[in-house]
Amino acid sequence: MFKNLLATINKRKVKVFSLFLLCSFLAWTISKLSDSYESRASFELTFHSFPDSLLLNTAEKKNIEIKLRTSGFQFLRYKMGQKKLKVNLSSVQVQDELYFVTDENLKVQFEKQFPNNTSLLELESELLYVDLYQVILKEVPIQADVSVNLAQNHLMKGNLLLEPSVATLKGPRAELVKIDKITTVPFEFNGLTQDFTQKLTLIKPDLLVNTQLLTKTVRLSGKVTRFSEKEFTVPVAAINIPKGYRIRMFPNTINVVCKASVDRLKNLNEGDFDVVVDCSKIERGENTLQVELLKTPPDVFAVRLLRSEIEFVLEKL
């Protein structure tokens with residue numbers, strides 16, 4: 001029994017000792033990490049604000065090593081994950097067709113991105129070379145890859161409207177000369193009964209490896225109207241009647257079917273249509289003439305004659 005009690009006491013001492021040891025180690029670690037140190041850390045660079053005539057090679061990956069003075073905690077953060085720094089290339093310089101940013105410029109940019117307790121001491125080199133190349137701007141028409149299925153008794157009023165109608169591309173001339181249009185992602189409209197608007201994304205062709213698509217989306221819109229049909233009885237007029245003759249037609253009226261919006265049909269009458277037969281086309285031995293529709297009203301979808309010819313008799317005066 002005495003031995004069991006002694007073992008229990010010893011276990012308690014070990015646990016208490018271990019706890020104090022752990023706390024001491026944590027306190028020492030925190031104290032050390034709070035101190036300032038000078039060391040180097042590696043950062044991945046991301047580039048932005050290119051001059052209008054230049055682009056970055058898509059394969060370009062740049063890291064830079066920087067000597068810093070900061071707390072141990074901050075260095076621990078840098079070691080635990082790859083940190084990124086942004087580089088503004090609006091003031092990039094060129095010499096012998098090589099593009100670079102000076103260390104003075106980089107220091108100004110980087111110091112704004114570090115926390116207040118971090119001092120930038122030294123960059124690994126005086127110049128940062130960047131793989132840029134000359135580009136041009138090109139505008140190409142946008143083609144909508146859409147299927148429009150309207151509800152029964154409905155029609156499109158006018159054409160589909162794309163805004164913008166052209167896309168702007170920025171890239172090397174060798175790539176852009178191969179492109180004459182840009183298409184949208186496929187889209188299908190079903191059962192449309194009213195005007196519509198749809199935002200569509202543009203597809204960047206696979207061959208545009210080093211080209212930027214500055215226009216990324218387009219707004220597609222269209223007007224839809226409900227239509228109906230109405231039949232009009234229109235008198236047939238004869239033109240080019242031979243001198244000294246008159247013509248009698250059987251029948252002398254033709255039924256015309258007009259397809260238009262319901263509101264438009266309400267304002268139409270037979271006077272909006274001109275139906276004629278041309279007597280100069282009379283052939284010997286024939287007693288029929290083709291009927292022609294010379295005038296139709298604006299803003300209608302379709303007009304058709306229910307009869308294509310009439311019979312006639314020429315009578316001498």
Side-chain angles (χ1 to χ4, degrees), residues 141-166 184 187-198 200 218-317:
I142 297 172
Q143 180 176 304
D145 184 8
V146 298
S147 174
V148 179
N149 300 311
L150 302 171
Q152 189 174 9
N153 295 334
H154 287 77
L155 285 173
M156 288 287 302
K157 187 176 181 181
N159 298 321
L160 292 173
L161 179 63
L162 288 172
E163 295 180 344
S165 60
V166 296
T184 66
F187 196 87
E188 185 173 353
F189 298 93
N190 288 309
L192 290 177
T193 60
Q194 57 188 2
D195 298 350
F196 61 92
T197 298
Q198 180 66 42
L200 299 174
V218 64
R219 190 171 72 94
L220 175 73
S221 60
K223 294 184 178 297
V224 177
T225 184
R226 183 174 176 271
F227 76 86
S228 186
E229 291 184 341
K230 187 174 180 180
E231 192 171 313
F232 298 89
T233 300
V234 181
V236 181
I239 60 175
N240 300 319
I241 302 173
K243 286 185 179 181
Y245 288 86
R246 67 181 179 186
I247 187 170
R248 297 175 62 189
M249 297 173 287
F250 309 95
N252 60 3
T253 61
I254 291 290
N255 286 346
V256 176
V257 175
C258 180
K259 181 187 293 186
S261 67
V262 175
D263 290 338
R264 182 71 177 112
L265 288 176
K266 292 177 182 178
N267 298 316
L268 296 180
N269 57 58
E270 61 275 3
D272 294 310
F273 306 87
D274 279 348
V275 178
V276 302
V277 290
D278 188 352
C279 294
S280 66
K281 298 180 180 179
I282 295 176
E283 296 184 6
R284 184 179 295 274
E286 294 291 333
N287 66 339
T288 61
L289 274 174
Q290 292 291 318
V291 180
E292 301 177 37
L293 189 62
L294 286 191
K295 185 185 82 171
T296 59
D299 300 326
V300 299
F301 303 122
V303 178
R304 75 178 189 275
L305 300 170
L306 294 186
R307 187 184 181 108
S308 62
E309 61 182 22
I310 63 167
E311 296 180 353
F312 72 94
V313 174
L314 278 179
E315 297 179 341
K316 199 166 185 177
L317 296 175

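The salt bridge (Lys or Arg N to Asp or Glu O under 4.0 Å) search around Arg246 returns Glu315, not counting sequence neighbours. For Ser280, the side-chain hydrogen bond (donor to acceptor under 3.5 Å, both in side chains) test picks out Asp278, with sequence neighbours left out. Checked against ring pair (Phe, Tyr, Trp, His ring centres under 6.0 Å), Phe273 has the following partners two or more places apart in sequence or in another chain: Phe232. Annotation: side-chain hydrogen bond (donor to acceptor under 3.5 Å, both in side chains) contacts of Glu311 (sequence neighbours excluded): none. For the side-chain hydrogen bond (donor to acceptor under 3.5 Å, both in side chains) test, residues two or more places apart in sequence or in another chain that qualify with Thr233 are Asn255. Listed by chain and residue number, Phe189 satisfy the ring pair (Phe, Tyr, Trp, His ring centres under 6.0 Å) test with Phe187 (two or more places apart in sequence, or in another chain). The salt bridge (Lys or Arg N to Asp or Glu O under 4.0 Å) check on Lys281 picks up Glu292, with sequence neighbours excluded. Remark: Gln198 engages no residue in a side-chain hydrogen bond (donor to acceptor under 3.5 Å, both in side chains) (not counting sequence neighbours).
In terms of heavy-atom proximity, Leu314 sits nearest to Ile282 at CD1-CD1, 3.7 Å.
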Side-chain donor-acceptor distances from residues 150-165 under 3.5 Å, at least two apart:
| residue | atom | partner | partner atom | Å |
| --- | --- | --- | --- | --- |
| His154 | ND1 | Gln152 | O | 2.8 |
| Glu163 | OE1 | Arg219 | NE | 3.4 |
| Glu163 | OE1 | Arg219 | NH2 | 2.5 |

Table please: side-chain donor-acceptor pairs of residues 297-310 below 3.5 Å, with sequence neighbours left out.
| residue | atom | partner | partner atom | Å |
| --- | --- | --- | --- | --- |
| Arg307 | NE | Glu309 | O | 2.6 |
| Glu309 | OE1 | Gln290 | NE2 | 3.3 |

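Residues in residues 262-271 take part in no side chain to side chain donor-acceptor pair (under 3.5 Å) pair, two or more places apart or across chains. Within the structure, the side chain to side chain donor-acceptor pair (under 3.5 Å) test picks out no pair touching residues 220-230 (sequence neighbours left out).
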